[in-house]
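Have a look at the structure below before the remarks.
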Amino acid sequence: MSRQQHRTTVYLSEKTVTHSEKMDLLVLPSILLIISTVHAFQYTELVQHVNSHQEEYVEALRDWVAIESDSSNVLKRPDLHRMMEVVAQKLRLMGGAVELVDIGEQELPDGQTLALPKVVTAKFGSDPNKYTVCIYGHVDVQPAKLEDGWATDPYNLTDINGNLYGRGASDNKAPVLAWIHAVEAYQALNIDLPVNVKFVIEGMEETGSNGLDAMILAQRDTFFTDVDYIIISDCGWLSRRPALTYGTRGNCYFYAEVEGPKQDLHSGVYGGTVIEPMTDLIGILDTLISPSGKILVPGIREAVAPLSDEEWKMYQDIQFDIENYKTKIGVNQLMYSNKVDLLAHMWRYPTVSIHGIEGAFSDPGTKTVIPAKVTAKFSIRQVPNMDPAMVKKQVTDYLHSVFTKRKSPNKLKVTMVIGAKPWLADTQHPLYEAGKAAVKRVFDMDPDLIREGGTIPIARTFQDVTGKSIIMMPIGGFDDGLHSQNEKMSRYNYIEGTKLFIAYLNEVSQIKKTSV
Ligand SMILES: CC(C)C[C@H](N)C(=O)NCC(=O)O
């Protein structure tokens, strides 16, 4: 019950007591009926509003997806700046107190600098008697090209059978819009927001949230001072069942550069005489992880907190269809064959992924070249109790020692470009109880309590700097294809997700004050 609704309840009770000397147990059920009708009426109105505006919501997503806000491509930086302006303007038009916060510059590997996209902050309401929630999201995206194997233009939102395909549709443009539309629905119906709402929307999440840590630290005692809770909706469900997320893995992202001759060479003319940078690079990459998934960098596995019996039991109880998972990603064998091992290695243990090699020949055709300089990109997902600073040293020392044994004349340079810590929440916190109630109201089922194998770099900073509790409330589907070809957001998740956020704001307003 929201504060507003709570006032209604008191009013109804007082009125009944005042006007009826003989109130007895027979009257109570009708009072309760009236009260529940008041709730149902408001929620129903909000839901009707969402249902009748869903085409507009899809159009808004289409406009946002059309902006190629790829934060990893420096050539797309103007699009990213425009994206942040569009977000700010949307929130301004809704009457929010909006700021575009300058977070400085980014230093590029070649030493040049580039302006970071501004962070949009906004504020709706400042009633000291209400909780204040801060909703975090991002509107930058991963790279996408039609030639990567997309069935449709990644920047032209395409509705096929109720799925909205487009880069960034699920990660994270639709969830950000769903939050905005949730606030807009309350406004449109002149229903008081049950909590004050703040937004922090950034444009560098996909590349490690550069500049955002410093901004949060700088605004800890200003923008964040009255924030009670932080809500993040930048992840997905595990199955068709809605979920609440209580943990994310961190990520340490590395470049390993091997440099040899001063320029690329003809492999027929020079092959056999030159110690090739690519051979060195592949050789050292192959020492990072064994074929059975064992990380070979000394010290990494030793740092991982052991899986407790309680966690094991939680994973055991989660419904997870292994065959369905295999079908979804198109493989017939996984690294592990039982559910608990799979979930634990998805969420709870570190892993090494090798993403690509810059400078290597990768076009179609058969170019016979010896690349002069190649840079591998790989990352290691972080879990409690790993420490990115320690991982940086462990990986750098290890790769140099392996490289030294090769006795190669080439030069190796190892750099860590992202060092994001893992995040973990207390599922007993009332934020999660409120989340369960909202899911129950909208989907009429209990949510899965899950962790996330991916990384939301800023989650841990929010927790450490502001000291506030965080909940992750995903609305993405389990098969949305984040970072992949044909990323999508289903209409169902987008629209029902908007209702979930509407319901959640209401549930949060009812958390007992002592629970903050
Ligand atoms: C599923 C992730 C938590 C989604 C997030 N937006 C993301 O992609 N983060 C970067 C990463 O590499 O995990």
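For reference, positions follow the sequence shown, starting with 1. In each ligand, atom 1 is the first atom listed, and ligand 1 is the first ligand listed.
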Open item on the list: Would you call the rings of Tyr336 and His345 parallel, tilted or perpendicular, taking 30° and 60° as the class edges?
Closed with: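 Answer is parallel, since the angle falls under 30°.
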Quiz: residues 108-123 side-chain donor-acceptor pairs under 3.5 angstrom, not counting sequence neighbours:
unit_1	atom_1	unit_2	atom_2	d
Asp110	OD1	Gln112	N	2.9
Asp110	OD2	Gln112	NE2	3.2

- [ ] Using heavy atoms and a cut-off under 4.0 Å, could you grab the residues that are in contact with ligand 1, chain by chain, numbers ascending?
- [x]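 Under the 4.0 Å cut-off, ligand 1 touches His138, Asp171, Glu205, Glu206, Asp234, Arg381, Glu452, Gly454, Thr455, Ile456, Leu482, His483.
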Under 3.5 Å, sequence neighbours excluded: what are the donor-acceptor pairs made by side chains of residues 178-186?
unit_1	atom_1	unit_2	atom_2	d
Trp179	NE1	Ser233	OG	2.9
His181	ND1	Leu177	O	3.1
Glu184	OE2	Lys90	NZ	2.7
Tyr186	OH	Ile502	O	2.8

Task: Donor-acceptor contact below 3.5 Å, side chain Arg249 vs main chain Met346 - done: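 A pair under 3.5 Å: yes.
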- [ ] Say whether, by atom type as modelled, one donor and one acceptor occur between the side chain of Glu452 and the main chain of Gly454 under 3.5 angstrom.
- [x] yes
Task: Residues forming a ring pair (Phe, Tyr, Trp, His ring centres under 6.0 Å) with Trp423, sequence neighbours excluded - done: none
